[in-house]
Amino acid sequence: MPFSIVATQLPEVLVLEPQTFSDQRGLFFESFNQRDFETAIGMKKDFVQDNHSYSVQGVVRGLHYQIEHPQGKLVRVVSGEVFDVAVDIRKSSPNFGKWVGVILSAENKRQMWIPEGYAHGFMVISDSAEFIYKTTDYWYSKHERSIVWNDPAIGIDWPENLLGRPPLLSPKDATAKLLSEAEVFP
């Protein structure tokens, strides 16, 4: 397997750490292998879309999800560093409203698997970051939902170095709902 699997506090959310090969010429690693990924998560998944975002320090994107056509996401950072977060928003789950956060960076090359039924977001903690991710379903604007990044009921412990100033938010994220008001999964 080209990566090792690191469990998180939420059993379905996994961190994948790639095996890297480096020498005086540079570095190589296999960033994705369908067979090994499916073995790691224990199920078949097809990815249909790749997305790429660039953000400056202090940007918070999310917490996003699609209520219909839910998306599983395999996320990673190719430049910079982010604090990446997944929140279980499945009402029937014993982990409903719980979150996990992981530092993803170009340096650590970690990836995080966020399955369907979770809201996802991240905060850029480096000067800037480029964030890429694969999704298991297409983006549908009419089904996209947002939960406010600092909902006290969820209580995400965002990185302290940026909490002294307001985050940079999109208009959609600035008007996001609280978890208690949001449309969630059964």
Side-chain angles (χ1 to χ4, degrees), residues 1-22 26-55 61-123 129-147 154 156 183-186:
M1 193 170 292
F3 51 82
S4 58
I5 294 125
V6 179
T8 70
Q9 297 92 333
L10 299 175
E12 299 92 350
V13 178
L14 301 173
V15 175
L16 311 176
E17 293 184 340
Q19 180 180 10
T20 61
F21 303 94
S22 58
L27 139 87
F28 172 84
F29 71 98
E30 193 173 281
S31 62
F32 181 73
N33 178 303
Q34 185 78 27
R35 179 188 58 233
D36 291 340
F37 174 75
E38 288 175 352
T39 298
I41 66 167
M43 65 184 75
K44 182 167 177 32
K45 289 290 175 182
D46 292 318
F47 291 104
V48 299
Q49 184 173 317
D50 281 6
N51 299 320
H52 187 137
S53 73
Y54 170 85
S55 304
R61 293 188 186 266
L63 304 162
H64 298 154
Y65 62 100
Q66 288 188 169
I67 198 65
E68 290 183 39
H69 299 279
Q71 296 176 311
K73 297 178 180 178
L74 181 62
V75 302
R76 72 185 181 112
V77 171
V78 294
S79 172
E81 183 175 60
V82 307
F83 181 69
D84 198 64
V85 175
V87 179
D88 189 340
I89 58 168
R90 300 169 299 161
K91 198 74 164 164
S92 61
S93 169
N95 293 313
F96 178 74
K98 293 184 180 170
W99 65 276
V100 64
V102 175
I103 299 289
L104 301 179
S105 69
E107 186 175 322
N108 71 23
K109 296 169 187 47
R110 288 175 151 188
Q111 298 181 58
M112 190 156 75
W113 164 243
I114 303 149
E116 298 86 346
Y118 285 77
H120 171 254
F122 65 89
M123 175 186 275
E130 290 192 56
F131 188 89
I132 62 173
Y133 58 103
K134 297 178 169 306
T135 64
T136 59
D137 205 337
Y138 299 102
W139 178 70
Y140 294 93
S141 62
K142 69 181 179 179
H143 301 305
E144 187 174 45
R145 305 290 187 269
S146 294
I147 296 171
I154 299 170
I156 297 170
E183 206 176 345
V184 296
F185 297 98

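Computed from a predicted model, the values in this text were never measured in an experiment.
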Review point. Between I67 and F185, what is the shortest heavy-atom contact and its length?
Key: O-CE2, 3.6 Å
Practice item. Please answer whether the main-chain N or O of F29 pairs with a side-chain N or O of T20 as donor and acceptor at a distance below 3.5 Å. Key: no
Point to revise | Which atom of S92 lies closest to which atom of P186, heavy atoms considered | key: OG-O, 3.2 Å
Check your understanding: Sequence neighbours excluded, which residues qualify as salt bridge (Lys or Arg N to Asp or Glu O under 4.0 Å) partners of E30?
Key -> none
Review point. Below 6.0 angstrom between ring centroids: does that apply to H120 and F131?
Key: yes
Review point. When rounded to the nearest 0.5 angstrom, what distance separates CG in L74 from CD1 in I132?
Key: 9.0 Å
Review point. Atom CD in E12, atom CG in D88: separation rounded to 0.5 Å?
Key: 6.5 Å
Point to revise | V13 backbone acceptor or donor facing T8 side chain under 3.5 Å | key: yes
Exercise for review: Hey, could you give me each pair passing ring-ring contact (aromatic ring centres under 6.0 Å, His included) that has a residue in residues 67-113? Not counting sequence neighbours.
Suggested key: F37-W113, H69-Y140, H69-H143, F83-W158
Revision key, fill the gap. So CZ of F122 and CD of E81: to nearest 0.5 Å the spacing works out to 13.0 Å
Practice item. Heavy atoms only: give me the nearest V82-A129 pair and the separation to one decimal. Key: CG1-CB, 3.8 Å
Practice item. Spell out, as yes or no, whether a donor-acceptor pair under 3.5 Å connects the side chain of E130 to the backbone of Y54. Key: no
Study note, to complete from the structure: To the nearest 0.5 Å, atom CG of L104 lies from atom CG of D84 at 4.5 Å
**Study point:** Student check: side-chain heavy atoms of Q111 and Y133 closer than 4.5 Å
**Key:** no
Point to revise | Sidechain-backbone polar pair: N108 side chain, I103 backbone, donor-acceptor under 3.5 Å | key: yes
Check your understanding: For D36, does its backbone N or O pair with a side-chain atom of N33 as donor and acceptor, under 3.5 Å?
Key -> yes
Point to revise | Reference residue T136; test side chain to side chain donor-acceptor pair (under 3.5 Å); the match among K45, E116, K73 | key: E116
Review point. Judged by atom type as modelled, is there a donor-acceptor pair below 3.5 Å linking the side chain of Q49 to the main-chain atoms of W139?
Key: yes
Review point. If only atom types and distance count, is the side chain of E68 paired as donor or acceptor with the main-chain N or O of K142 below 3.5 Å?
Key: no
Revision key, fill the gap. Correct closest heavy-atom pair for I147 and I89 would be CD1-CG2, 3.8 Å
